[in-house]
Every structure is written in C-alpha cells, then in structure tokens.
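Data first, discussion second: the structure below is written as structure tokens.
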Amino acid sequence: MRQPRLREVKAVSSGHAAGGQLGRNSNPRLPASPSDPRILAASLRAAVGTPRAGFGFPGGCPGSRGLSWAHAIMLARGLSRGWRGICAAALTGAPFSQVPSQAPRGLHCSVAAPSSGSSLVPRPPEPPRQLAKPPAPHEELFRLAPGGARDRASFVQAVQNFGQHNVHKRGHVDFIYLALRKMRDYGVERDLAVYNLLLDVFPKEVFLPRNVFQKIFIHYPRQQECGLAVLEQMESHGVMPNKETEFLLLQIFGRKSYPMLKFVRMKLWFTRFKNVNPFPVPRDLPTDPVDLATLGLRRIEPDLSAKVTIYQMASSRDSTGTADPTEQHIVGIQSPGQQAALARHSPARPVFVEGPFSLWLRDKCVYYHILRADLEPPEEREVEEIPEEWNLYYPMQLDLKYGRSAWDDYEFDIDEVEEGPVFAICMAGAHDQATLAKWIQGLQETNPALAQIPVIFRLTASTGELLASSSGLEEPCPPPAQEEEEEEDKTQRQQQGQS
Amino acid sequence: MMVFGLRARTCWALRAFAVSRRPLRSSSRTHAFAKELFLGRIEKKEVFPFPEVSQDELNEINHFVGPIEKFFTEEVDSRKIDQEGKIPTETLEKLKSLGLFGMQVPEEYGGLGLSNTMYARLGEIVSLDGSIAVTLAAHQAIGLKGIILAGSEEQKAKYLPKLASGEHIAAFCLTEPASGSDAASIRTRASLSEDKKHYILNGSKVWITNGGLANIFTVFAKTNVVDSDGSVKDKMTAFIVERDFGGVTNGKPEDKLGIRGSNTCEVHFENTKVPIENVLGEVGGGFKVAMNILNSGRFSMGSAVAGMLKKLIEMTAEYACTRKQFNRSLSEFGLIQEKFALMAQKAYVMESMAYLTAGMLDQPGFPDCSIEAAMVKVFSSEAAWQCVSEALQILGGSGYMRDYPYERMLRDTRILLIFEGTNEILRMYIALTGLQHAGRILTARINELKRGNVTTVLETVGRRLRDSFGRTVDLGLTGDLGVVHPSVATIVEEQMVLKRVANILINLYGMTAVLSRASRSMRAGLRNHDHEVLLANIFCTEAYCQNLFTLSQLDKYSPENLDEQIKKVSQQVLERRAYICAHPLDRTS
C-alpha cells in the first residue's frame with residue numbers, strides 16, 4: 001500500500017519526472033565544489049533553466065558523480081559560511097538564478113544587526129526578474145482573488161489550497177520554494193506558524209531512511225535541501241523553531257537527517273546569540289525620519305542625560321529631496337557634559353562642523369554631523385587644581401611629601417591617543433551648509449558661548465565612500481533618503497564590496 | 001541656675017573665659033588619641049583612666065537633671081508634637097525657663113556654661129523627644145556655636161544673653177540647593193555696599209532647622225576677598241544676620257519623615273543689609289568657621305542616643321516579659337534575648353565613647369577631638385537605627401502601629417545617619433584626617449630609610465623585633481616595616497578602602513572606650529560592674545573579629561576583597577541607570 005505511493009511521490013517531487021533512482025543519485029545541485037568551474041557552470045545552467053532543462057543534465061557528466069558525492073558530504077558537514085552562500089546558488093534548486101550576485105551582501109549589512117532579517121545568511125532568493133516569463137509552477141495558487149489582500153490569511157489559504165488541489169502533493173518541493181519566496185510579499189516571513197504550515201506540506205514518513213545505507217548517504221537530497229531552505233529562511237529572519245517544527249521534521253525526515261541537524265543547531269545557537277548584541281536595534285525601525293534620527297543619535301551618545309532637540313521639522317514629508325534648508329528636519333543631541341565643555345571652550349579657537357558620516361541601522365542608512373574642536377595644545381590646557389577650601393567635611397587631598405618611585409607603579413603602560421572634544425551631534429534632512437547653519441543657530445540658544453566661537457564648516461562633498469564609488473546614482477548629494485528603494489541600497493553595497 | 005555651687009561656678013567661669021579666647025584653628029593642637037591610633041600607637045594616658053567628675057559636680061548635675069527629666073516624662077507629649085508638626089509654645093517656654101537654650105553659653109552671658117560632659121548628660125534627657133532635641137541642637141550646637149567659637153567680645157555681649165535665655169532662637173544657614181558639603185558651589189553672595197559699612201546679602205538656603213522660628217542666623221556667603229598677591233578671590237565669609245535686618249523670608253515648613261515637630265524650611269535673603277561688624281571671624285575665613293562649628297557639635301549624639309536607647313530597652317523589656325506565646329513569655333526565647341543583649345551592648349559602647357570624648361574635650365589645653373567626635377557620631381547613629389529596628393522586631397505588629405511610640409522613634413532615628421555630615425562623609429573625614437597625620441610622619445620615615453639613614457633603619461628593625469617579642473596582640477595597623485601602602489597618593493579616591501580604615505578605627509576607639517570604662521567600674525566597685533565586663537567582653541571580641549576581617553579585606557589581592565567586582569557591577573548598573581538582569585521568567589526561545 002505504501003510502496004507505490006512512495007514511488008509516485010518520489011518521481012514527481014524530484015522535479016525531473018525521471019526514474020527515482022537516477023534523479024536521486026545523480027543530483028546535479030549537490031556539490032559541485034565551486035572550485036570546479038565546469039560543474040559549477042553546469043549546475044548554474046541547470047539552476048537557471050526550467051526544471052525540464054535540468055533533466056538532461058545528470059547524464060551529461062556521469063563521471064563526476066562519485067566526486068560530487070564526496071563533496072556533498074563534506075559540504076554538508078560544515079563548509080564555511082561564505083562558501084555556502086556561493087554554493088547555495090548551485091544547491092538550492094532550479095529556479096534560483098540571482099544568488100551569486102547577492103552573496104557578498106551580508107558583509108555590508110549593519111554591524112549592529114546580527115539577528116536582523118538581513119543577517120549574514122544570503123536572503124532567500126528573489127523571484128528572477130529577467131526570467132520571469134515562464135511562470136513558476138503553482139504560481140496560480142498565489143494569484144490574488146479580486147479584492148483580496150496580500151496578508152497572512154490569503155497566504156495560509158494558498159498553502160491549504162495546494163494541499164486540497166493536489167492530494168498527492170505533486171510538485172510540493174517547488175511549491176515550498178515558491179512559497180518561501182512569496183512570504184515577504186505577504187508579510188509572514190517572521191511567522192513561525194506559517195513556516196510550520198509549509199513544512200507540513202511535505203508528505204510524512206515517506207522520506208524516512210529505512211536502512212543503514214540510506215542513513216549514511218543523503219536520503220532524498222532534494223527534499224532535505226528544501227527542508228533546509230525553510231529552516232534557513234527561518235534563521236535569516238530570526239524565527240526560533242518550536243516543538244511543532246521538531247515534530248514535523250521528525251515525521252518527515254527522521255532524526256538522522258540534515259534538516260534535523262540544522263534544527264538542533266538552531267536550537268542551540270539561537271538562544272546563545274539572541275542577546276549577544278549589547279546594543280540591540282529595534283526590529284521595526286521607525287519610518288518617520290525624525291524618529292529614526294532620534295534613535296540613531298541615542299545610539300551614538302552614551303550619556304543618558306543627553307537631550308535630544310528637534311530644531312526644525314520637515315515642512316512636508318515628501319519634499320525630503322528638495323534642497324530648501326527651511327524644509328528639512330534637524331535633530332540634534334547634546335549632553336550636559338558637552339554643554340559644559342563648549343562653555344569652557346576658548347573663543348580664540350574655532351570649532352568645526354564635520355560630516356556627513358554614515359550610520360547604519362539595520363537596512364537603513366542615516367547620516368550625521370558633529371560639532372567638534374581640535375585638541376587643545378598642552379600649554380593652553382588648564383590644570384585642574386583642587387580649590388583649597390572646597391570640602392567642608394574632609395580633606396580632598398593629602399599633601400604628603402612622598403614621591404612615588406618606579407617600584408610603586410602598578411599600572412600597565414598604555415598608550416592613549418587623545419582626541420579633541422565633540423560638542424554636539426545632529427542629523428538633518430540635507431547636508432548643505434545652510435541647513436547645518438540652522439542647527440548651529442539652534443545650538444546657540446542653549447549654548448550662549450557658541451555665539452563668540454568661530455564655526456568652520458568642513459563638509460565633504462559626498463556622503464562618504466559609499467556614494468563616491470557609486471557612479472550609477474542620479475544625484476550624488478544628498479544621499480539616498482530612507483524612503484528610497486532598498487534595491488538601490490543593495491546595488492550600492494555590492495559595488496562597494498566589489499571595488 | 002541657683003542650684004549650682006560656688007566652686008563649680010568659678011570652675012565654669014574660668015573655663016568659659018578660656019573658651020572665649022579659644023583660638024580658631026583646624027590643625028591639631030595636641031597629640032590626640034585617634035590620630036596616634038593611625039600610627040599604631042595607643043596613647044594610654046589620654047584614655048586611661050576613664051574621665052571622672054567630682055562628687056560635687058555629680059550632685060549638682062543630678063540635682064539639675066531631676067526637674068528636666070520630670071518635665072520630659074510628664075509634660076512633653078511627643079505624639080502630639082509629631083502629629084501636629086509643631087512644638088507647642090508652652091513647651092518651648094518651659095524649655096527656655098529651664099535654661100536649656102543656653103546650656104553651653106558661658107555663664108557670664110547668661111547661659112548655664114556647662115562643660116561638655118554635663119552637656120552630654122543633659123542631652124540624654126533632651127533626646128527623649130527627637131523634635132525637641134533637634135530644635136535645641138540646631139539652636140546651640142550649630143546655630144549660636146559660631147558666636148561662641150569665633151565671635152568678638154561685642155558680638156558675644158550683644159547676642160549671647162538673648163540667645164541663652166531663649167528669647168532669640170538661632171539657626172545655621174549653610175546648605176544650599178546646589179551645595180551640600182561642597183563649599184565651592186555656594187551661590188549666596190555678600191557684596192560690600194558703597195559706603196563700606198554694610199554687606200548686601202542675596203541668596204537662598206534650604207533645609208534650615210529652626211528657619212521659621214529663628215531671629216538670629218549664622219549665614220555663610222561668598223565674598224570678594226583681595227588676596228595677599230593682589231588678586232581678587234571668592235571666599236566664604238560667615239555673618240550674623242538678624243531677622244530685623246530686613247529682606248529675610250522663609251518658606252513653609254517642610255513635611256518630613258521624622259522629627260516632624262522641628263521646624264525645617266527654606267530661608268531667603270534678599271538685599272539684606274548686614275553691618276560690617278556682624279562678620280563672624282575674619283572676612284574670607286568662613287570656611288574654617290563652618291568647619292569648626294560642624295566638627296565641634298557631634299560628640300553629644302552618643303549620649304543622646306544612649307538616653308533614647310535606655311528608655312527603649314525599658315519599654316520593650318516590659319513588653320517582652322508580659323507578652324505570652326505558647327505559655328512562655330517572649331523573654332524566654334533566645335532570639336528575643338539576643339536583641340536585648342545587642343541593645344544593651346550598643347548603648348553601653350556609645351555611652352562610653354561619648355563620655356570618654358566629652359572628658360577628653362573638657363581637659364585643659366583644648367585637644368582637637370574632632371575625629372573622636374565623628375567616630376562617636378557614626379557609631380551611635382548606626383547603632384541607634386539598628387537597635388530601634390530590632391526593638392520593632394521584638395514588638396512585632398504593635399511596633400508598626402501609630403498607636404505606639406516605636407514607629408515614631410524609628411522615623412526620628414533615621415535622620416541621625418544623615419545630618420551633621422552623612423556617615424559616609426564622616427568616614428572619609430575620619431580616615432583621611434588620620435591618614436594625613438600618619439602619612440606625614442611615615443613618609444618622613446620612609447624618605448629617611450631610602451636615604452639610608454642608619455639610625456632610622458636600626459630603629460625600625462629594632463621596633464619590629466621588640467614588637468614581635470613583646471606584643472602578644474598584633475594590632476595590624478601597619479604593614480611591613482611599619483609603613484603604609486605605597487599608593488597613598490591616590491588614596492583619596494579609594495573610598496571603599498577608606499571606609500574600611502574608618503570602620504577599623506571606630507571599632508578600636510569603641511574598644512578602648514569600653515575597656516577604659518569597664519576597668520574603672522571594676523576598680524571603683526560600681527554597681528553591676530560584672531555586667532559591664534560582660535558587655536565589654538562581647539563588644540571587644542566582636543569588634544576584634546570584625547577588624548581582622550576588614551584588615552584582610554584591605555589586602556589588595558585578598559579573596560575577601562571584592563572591590564573590583566563591586567565597582568564593575570555598580571558601573572554597569574549606573575551606565576544603564578537600571579537593574580539590568582533579565583527577568584527570571586524570561587526565555588530565549
């Protein structure tokens with residue numbers, strides 16, 4: 001009763017419509033070490049093609065079969081992450097072609113967001129743009145009903161429809177890959193229940209290894225990869241699997257399987273890495289640029305008594321690109337200590353407005369400016385002396401005539417580089433002198449001493465290396481506003497990474 | 001006052017005369033006991049035998065104590081004072097007629113001219129009501145003390161008689177919103193008028209006890225002083241300000257936790273014209289005046305708290321012996337007995353310390369006992385809080401009820417740890433003043449050792465040998481070679497180390513005081529001296545063990561010394577300004 005069903009599913013789900021034996025063992029997507037350009041190219045070709053295109057492949061290089069098995073095992077046992085990112089292109093199934101170009105992406109993400117959606121793992125591939133003409137199988141399940149919205153309910157409906165329309169679960173691997181890609185559009189990429197629902201699409205107990213050889217070698221590799229892809233997408237969105245996930249994986253793949261190994265590792269490391277960042281960034285960043293600037297400034301300034309001042313609000317949200325200084329938001333931060341330092345600053349020495357410097361908050365980049373001064377030359381520095389009549393109760397100083405000799409010095413020899421003081425930080429909608437002058441004006445209200453001190457604007461023309469290396473952008477300054485397409489951010493980062 | 005005998009009167013007059021000429025100095029006058037302790041020496045002749053008063057004096061005190069005690073137990077309604085937040089006028093009048101407003105004012109100015117010992121004795125009774133005790137202390141321990149210590153003859157003649165009689169009440173105005181113990185941040189300013197006959201005083205003072213009642217204020221303000229090298233500096237000057245000078249206003253009385261009957265409020269000075277002859281001490285010498293006033297007023301807290309504790313022991317013992325649980329009275333339970341032993345022991349120690357210090361202060365030559373006084377204050381205020389808390393424990397639920405006086409005592413006691421210099425600041429004072437004294441002598445010795453002075457080397461080695469043979473108890477006050485820790489230059493910043501040094505010294509002084517007193521009681525055959533010996537023994541053993549532990553903590557790399565970790569924890573907490581641990585119910589998955 002069981003056996004025929006198994007064979008049928010196997011044949012269908014491997015996506016090659018070939019005899020199970022061949023499709024399973026020859027597995028074009030497994031490993032192909034990237035150092036073997038021939039195989040990589042071949043598998044890429046297989047990857048970009050339709051499922052049918054991949055069909056002819058296994059016969060194409062039968063000689064490499066044994067080699068790629070060895071590679072497969074090595075790879076699965078833990079090749080380094082970067083390699084996996086690149087290999088993933090070859091690994092993760094037919095329709096994904098964009099991956100190699102995205103591989104270096106993770107390296108340029110915000111350092112402050114290791115647990116964010118855009119973590120070091122390559123993002124689950126976007127639907128191919130240039131090859132979008134032949135629709136992916138089961139695409140019709142995600143076609144919106146008239147008046148329907150892309151939300152959790154419709155996604156769940158689509159997944160359930162697959163089960164209903166397809167009693168034998170024909171093509172479920174393709175469907176799961178498709179669903180994984182669609183998750184972001186439906187806003188369910190952080191929903192554990194949906195991931196469990198997706199895993200539930202797999203037929204149960206079919207892929208369980210039944211003998212020792214099946215256990216040693218990867219049993220149903222394509223299905224296991226698909227399971228891994230689900231888990232990896234969970235990982236990249238920081239979704240912690242639960243008991244139900246474990247139960248499903250046990251039912252589908254059994255204990256000695258790669259998805260299960262992945263699951264156990266996630267269980268172990270997620271808990272340890274969840275709070276590894278002492279300065280967590282909120283998962284959902286505020287969309288309002290003023291709120292975002294406030295968040296960024298608070299992250300830069302360690303002093304909790306520092307006060308955030310909104311010197312100017314943008315007159316209208318849409319006009320962030322215009323260069324009118326009266327319409328940009330200006331948000332500044334200053335701590336009482338900085339205020340005191342500015343009050344003490346000698347009017348003979350100028351202060352500088354410098355910037356813009358970039359600060360990444362998850363996938364958003366904000367730019368800030370600082371008001372700083374050069375380090376005072378040692379001869380001008382006031383020696384802080386303890387006033388004679390200071391403390392009413394106890395002596396603040398013991399005047400002992402006892403010079404400490406070298407023997408009494410317990411301190412390590414540390415070289416410290418002193419820097420000039422930073423008096424205030426601001427984030428503004430525009431980075432020209434007119435806008436920043438407004439900031440200085442606002443600062444003068446709380447820092448009367450600033451009126452006497454010459455202020456020199458030392459603004460860099462561009463907003464840093466990022467834009468300097470990006471030639472494709474329409475306008476080099478001002479930098480991309482937060483509302484801009486994320487795609488462009490990505491291309492910038494890639495170009496940067498490649499340069 | 002008529003009750004005082006001629007002999008005592010002449011004696012006090014003499015003393016008062018001497019007091020009036022007392023020079024104003026903050027440096028040490030004679031070798032005081034506590035400072036020598038820092039060098040590891042015990043000046044036995046300073047503390048043995050325990051100071052005594054003559055039989056005549058004693059009779060007179062007792063004669064005088066009687067009516068005051070009667071008045072306090074029968075007529076003062078502490079509960080009413082606490083509830084209404086005010087001492088009734090008739091009570092104040094009675095206090096004035098008893099002469100309690102001029103206890104330490106010399107007799108020639110109409111006061112009682114009591115010695116420090118007598119003052120301590122009366123403090124025991126006055127402290128039966130916290131509000132009255134604080135009002136009186138603010139009036140004479142700090143309010144008019146400046147005039148006695150630093151005032152000119154004219155100032156004394158003009159102000160002291162009325163202050164001593166209680167016709168005028170004095171207040172001490174030092175604290176400001178921005179300035180607690182930091183004299184540099186005082187904002188009140190006095191500027192010389194154009195005719196150079198007046199100072200114009202402007203500024204606000206906060207938390208002034210008696211601020212609403214007082215007619216005479218000792219005010220500290222910044223003045224411009226031309227230095228010897230011609231530069232103009234801001235320096236503190238003390239002024240005697242009458243309310244009638246004009247421009248003196250006060251805010252409404254503060255609502256306080258304890259001592260609610262005392263009047264505490266803000267005092268504002270607005271263009272108050274202070275005649276130039278009302279400068280107390282020298283112009284620009286206000287800092288030393290303030291320091292001397294603060295340092296001189298502390299020793300009496302020991303006896304005051306002891307008086308209160310004695311009363312408390314009576315009340316709780318009554319309860320413990322009558323209350324029955326499981327057919328046994330509370331007094332039969334070990335944990336209750338322990339608390340009574342603790343109260344008796346603390347009362348005994350602080351009494352001994354207070355009277356020993358008072359006796360030292362009464363000795364001719366005006367020894368500088370400010371360290372001793374600070375030790376008495378720290379020990380007695382902490383013991384008071386601990387004992388009252390334990391007493392509440394004995395009383396159980398009824399201790400917590402407003403119907404009983406205990407919760408009021410608890411509230412009143414809390415202020416003792418805070419005013420007249422918080423205990424933290426006083427510990428710094430004790431440790432640093434002592435270390436300064438010891439440091440000067442020891443660094444001189446080290447420098448000689450370094451230079452290879454043979455005499456000093458031999459002397460040092462000889463002393464070590466002598467100590468190792470001769471002394472059975474290693475007091476452990478000095479390190480190897482009898483020198484202090486080399487990081488003495490930065491010691492001011494090492495507050496946790498200084499606290500330990502101060503604790504050791506306080507314990508040592510307490511041990512000395514009880515040994516001195518117990519041995520005197522034994523020798524003189526006083527009533528129940530065996531009980532005193534028991535108390536002395538308990539305290540000395542406990543304090544010795546504490547000291548050994550503290551000394552081991554002073555070692556930089558000792559396992560008992562957790563300073564680094566403590567600093568780290570507090571740093572992390574303060575950085576975030578919150579308790580940063582995850583909730584025990586939190587999960588990561």
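Everything numeric here is computed off the predicted structure, so don't read it as measured data. Below, chains carry the letters A, B, ... as their sequence lines are ordered, and counting in each starts from 1.
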- request: May I ask you to check whether Phe287(B) and Phe220(B) place their ring centers less than 6.0 Å from one another?
  value: no

- prompt: Side chain, backbone, both or neither: which part of Asn242(A) has an atom under 4.5 Å from a heavy atom of chain B?
  reply: neither

field: Contacting moiety of Phe270(A), where chain B heavy atoms sit under 4.5 Å
entry: neither

- prompt: Is chain A contacted by the side chain of Leu174(B), its backbone, both, or neither, given a heavy-atom distance below 4.5 Å?
  reply: side chain

message: Which atoms of Leu294(B) are under 4.5 Å from chain A, going by heavy atoms: the side chain, the backbone, both sets, or neither?
response: side chain

Tyr394(A): ring pair (Phe, Tyr, Trp, His ring centres under 6.0 Å) partners, not counting sequence neighbours: none

- request: Please test Thr271(A) against Lys267(A) for side chain to side chain contact (heavy atoms under 4.5 Å, CB included), starting from the C-alpha separation and ending with a verdict.
  value: CA-CA 7 Å; Thr271(A) 51; Lys267(A) 269 289 199 197; over 6 Å; no

message: If you count heavy atoms of other groups shown closer than 6.0 angstrom to CZ of Arg577(B), is the number above 12?
response: yes

